[in-house]
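Basis for what follows: all heavy atoms, side chains included, without hydrogens, waters or symmetry-related copies. Proteins come first, then strands; the chains are lettered A, B, ... in the order of their sequence lines, and each starts at number 1. Model, not experiment: these values are computed from the prediction.
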Amino acid sequence: MTMNYMPGTASLIEEIDKKLLVVLRDGRTLIGFLRSIDQFANLVLHKTIERIHVGKQYGDIPRGIFVVRGENVVLLGEIDLDNENKLPLQQVSIDEILEAQRTEQLAKQEEEKAKVKAMRERGLQPQPSGMQEEF
Amino acid sequence: MLPLSLLKTAQNHPMLVELKNGETYNGHLEACDNWMNIKLRDVICTSRDGDRFWRMPECYIRGSTIKYLRIPDEVIDMVKEDIVSKQRTKQQGTRGRGRGGPVHRGGFGSRGRGGPDKRGGRGGPR
């Protein structure tokens, strides 16, 4: 299955049926088995979970089958099955992590407001954030 | 099977589409094309914040605005059946060729992966 005419090339074919971690441009983290790809790097993920990270905690939401449009993917990587249970992070329930995420989002909004106010006070125009690509 | 072929197989199934702007559209897939443009039936649209809802009998979504689609688990089982039945019809058609034909096909088909699909790189309909 190795590429014999273009050594050193990156190909998603080798990632098929592997458990992958995929990060989307909106900051979401998806973990699932890669079942299918095409020339645009559109992905079909199977048995997918959405993992939400807040600080040192994380929560998993089962999501089923995902068809992800390739342009929305930032990166993907193979999950180390031996070490995936040895994370230095604490797994919590879905409700807890969503609550934590909400709190974090509010804090960020407050921070942003303060920044905008500080800039205005100094006579600078606050930069309009075009596409909300949060990380 | 290619992602777009999977979508074609998922016609008439309910699905969730999230657009790049965060809006979600829940509805039954009526049609899709090679650019991922889709037509949905009996749609409920939810705004990005989840606070506003719209209902519409049908809608058309341009493929370039889609972030992702979530489809029901049963579609993957349907796809596996689809692949098996397609292999059967192919083998019946090439039986006259002798050992050369089916052996060549069988090598790729039995693995049931996205490998052979990547060959042409054009991603056209199988």
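Between the side chain of A/R25 and the backbone N or O of A/E71 there is at least one donor-acceptor pair closer than 3.5 Å.
Clustering ILVMFWY residues whenever any of their side-chain heavy atoms sit less than 4.5 angstrom apart, transitively, puts A/V54 in a cluster other than the one holding A/I31.
Across A/R122 and A/A118, no two heavy atoms sit closer than the pair NH1-O, 3.0 Å. Shown here for A/M119 and A/P126, the closest heavy-atom pair between the two residues is SD-CA, 4.2 Å.
Residues A/E78 and A/E15 have side chains in contact (heavy-atom distance under 4.5 Å, counting atoms from C-beta outward). Within the 4.5 Å cutoff, side-chain heavy atoms of B/Y68 are placed close to those of A/L24.
A donor and an acceptor atom, one from each side chain of A/H46 and A/R35, are located under 3.5 Å apart.
Of all residues spanning residues 49-65 of chain B, those with a heavy atom less than 4.5 Å away from chain A's heavy atoms are B/G63, B/S64, arranged by number. The contact list for residues 61-70 of chain A toward chain B, using heavy atoms and a distance under 4.5 Å, reads A/R63, A/G64, A/I65, A/F66, A/V67, A/V68, A/R69 by residue number.
Shown are A/L34, A/L20, A/T48, A/N72; of these, the side-chain contact (heavy atoms from CB on, under 4.5 Å) with A/L43 is made only by A/L34.
For B/L6, the part lying near chain A is the side chain, with the backbone staying farther off; criterion is any non-hydrogen pair under 4.5 Å.
Applying the 6.0 Å contact sphere to CD of A/E121 captures more than 12 heavy atoms from other residues, nucleotides or ligands. In this structure, A/K18 places its NZ atom where more than 12 heavy-atom neighbours from other residues, nucleotides or ligands lie under 6.0 Å away.
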